[in-house]
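In what follows, every chain begins at residue 1, and chains take the letters A, B, ... in the order their sequences are listed. As the structure is a prediction and not an experimental result, all values here were calculated from the model. Basis for what follows: all heavy atoms, side chains included, without hydrogens, waters or symmetry-related copies.
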Amino acid sequence: MTLLYLLDMIGTAAFAASGAWAGVRREMDLLGVLVLGMVTAIGGGTLRDILLGDIPPFCLQDETYLWVSVVVSLLVFFFPTALERFKSPLLTLDAIGLGTFVVIGTGKALSFELGPFGAILMGLMTATAGGVVRDVLSNRVPLILQREIYASACLAGGGLMVVLVKTPLPHNLTVVLGATAVITLRLLAIAKNWSLPRAR
Amino acid sequence: MTLLYLLDMIGTAAFAASGAWAGVRREMDLLGVLVLGMVTAIGGGTLRDILLGDIPPFCLQDETYLWVSVVVSLLVFFFPTALERFKSPLLTLDAIGLGTFVVIGTGKALSFELGPFGAILMGLMTATAGGVVRDVLSNRVPLILQREIYASACLAGGGLMVVLVKTPLPHNLTVVLGATAVITLRLLAIAKNWSLPRAR
Amino acid sequence: MTLLYLLDMIGTAAFAASGAWAGVRREMDLLGVLVLGMVTAIGGGTLRDILLGDIPPFCLQDETYLWVSVVVSLLVFFFPTALERFKSPLLTLDAIGLGTFVVIGTGKALSFELGPFGAILMGLMTATAGGVVRDVLSNRVPLILQREIYASACLAGGGLMVVLVKTPLPHNLTVVLGATAVITLRLLAIAKNWSLPRAR
């Protein structure tokens, strides 16, 4: 599905920008920024492929993902102030990436015959594990463990997809609905400043 | 072996409680607590299965592990004060989990024809890697690298099992003796406040 | 190739020493020092083998790597002051390990038919991922993301190898040239105190 591949690349680019930006903020050197950009963009899908046994992982089978991550990270490194101006569109692109990664991850897990819980987890992992590794490498508690409707949007979209797959809906529509759920929830959460309850 | 499966579930629940509790203490949100509980409970076995090539890992083949981890983590999130009262029995359940995870990991590694050193390492990893990831995600130096007879009990139990497997003892007895060694050492270490020498 | 295996062991020993030394400095206990030594020495190659699908990874197929790591880590734990005196030769041995690990990783990735980008990444990962895990477990931002021509030397050597493999040069010469490039760059960087540009 060509549209899904295009959205996948948009998500890859947005995630790489967020990773490279974390490196710039921590005053890393060029290589640190590149590594953080790449890990954020491809880390989640790579971990998913390791767990599903699809080896070598997607980004080593199609190096386009590597090139997109590196080029975006280089741009962020050399033009960090430009990124500041794109901050708000970047949040939207990041949400698109989130939705795309969830449906790709959940869909792939289902095609590898995982159960519903495992498939939802694989969608969540595809979308968030790269950001977790980014935060661990930056020596911070991962953002998604602390704040906002981010991972929860992924769980909702993955859950919707796992349910819809059991219905006679065409697969493409299931994918579109799952991704739309994630993106809508995420953008609403940003706009309304929603968050999950915290432990007391 | 049904008893081993029951002990495995007890260990999974105890490990999930310790992970979720770490999330509550760090004031994570609901999702953070769930992730920490799950990672602590299933992380070690998952890493072992990746290294042995048994893919998808145990918890994606039998989703009971996922459900147990999630339900326990939810309980810890919503009733954290109740957990305080169970602190002392939890240490015992944690020790039972430790012993069970070691013999499952070492036994599985031996059945995958690993050498003795590798098999002992796989037992150690099954029992401790989840806790290491929990501490890394909480932005702390992993506890087991710093303190107490915890990992050492795993090494002793795994080592005993690797030796006993070469004798004509029945396999079930080997498993029981290995697990008992870990649990006894661990409980003694807690009672007597033992620790390893530290680097000067 | 016996010389490569010898260099591989020298690198393993040097990397184990650097990992164990990090544990000693953080006042970890005996087991923490052993774990940090082993992870630093074998972590990169293990991650590479997981991504290439060569399971169980090299160090579980040939336990010599495990023994070398453990013995070196024990020496560092019990004789830390001796290590101080060997600091300068250790930097040279570490550079030799770096070059060896890069050519082993890149070469293995090429023989698993990865593309050029992936092969260079696998060389980099073989040489540096163990150190990254060492730093994450020590609760620090990984050194290689921040400082010095370390990872860059790996990229240069891996890149050279990927190019030379396309020429009619004999494979052994390609390996020697790739490793020499890494080692020379790394030693020059130490001597001249080179570093990469930093993000502003």
Review point. Should the pair Phe58(B) and Tyr65(B) be assigned to parallel (<30°), tilted (30 to 60°) or perpendicular (>60°) ring geometry?
Key: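 Correct class here is perpendicular.
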
Testing the basics here: between [X] and [Y], what is the closest heavy-atom pair and its distance to 0.1 Å?
X: Val103(B); Y: Gly178(B); value: CG1-C, 3.7 Å
X: Gly19(B); Y: Leu36(B); value: O-CB, 3.5 Å
X: Met122(A); Y: Gly105(A); value: CB-O, 4.0 Å

Given that the side chain runs from C-beta out, which part of [X] has a heavy atom under 4.5 Å from chain A: side chain, backbone, both or neither?
X: Arg26(B); value: side chain
X: Val70(B); value: side chain
X: Leu34(B); value: neither
X: Thr81(B); value: neither

Review point. At a heavy-atom separation under 4.5 Å, does Leu52(A) approach chain B through its side chain, its backbone, both, or neither?
Key: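 When you check distances to chain B, only backbone atoms of Leu52(A) fall under 4.5 Å.
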
Study note, to complete from the structure: Interface check, chain A: of Leu60(B), Leu66(B), Leu31(B), Val136(B), most non-hydrogen pairs under 4.5 Å belong to Leu66(B)

Check your understanding: Hey, which of Ile55(B), Val35(B), Asn139(B), Val76(B) has the most heavy atom pairs under 4.5 Å with chain A?
Key ->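 Highest number of heavy-atom pairs under 4.5 Å: Asn139(B).
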
Check your understanding: Just checking, is any N or O donor in the side chain of Asp29(B) or Tyr150(A) under 3.5 Å from an acceptor N or O on the other one?
Key -> no

Practice item. Check whether the side chains of Arg25(A) and Ser138(A) place a donor and an acceptor atom closer than 3.5 Å, and report yes or no. Key: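 There is no such pair between these side chains.
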
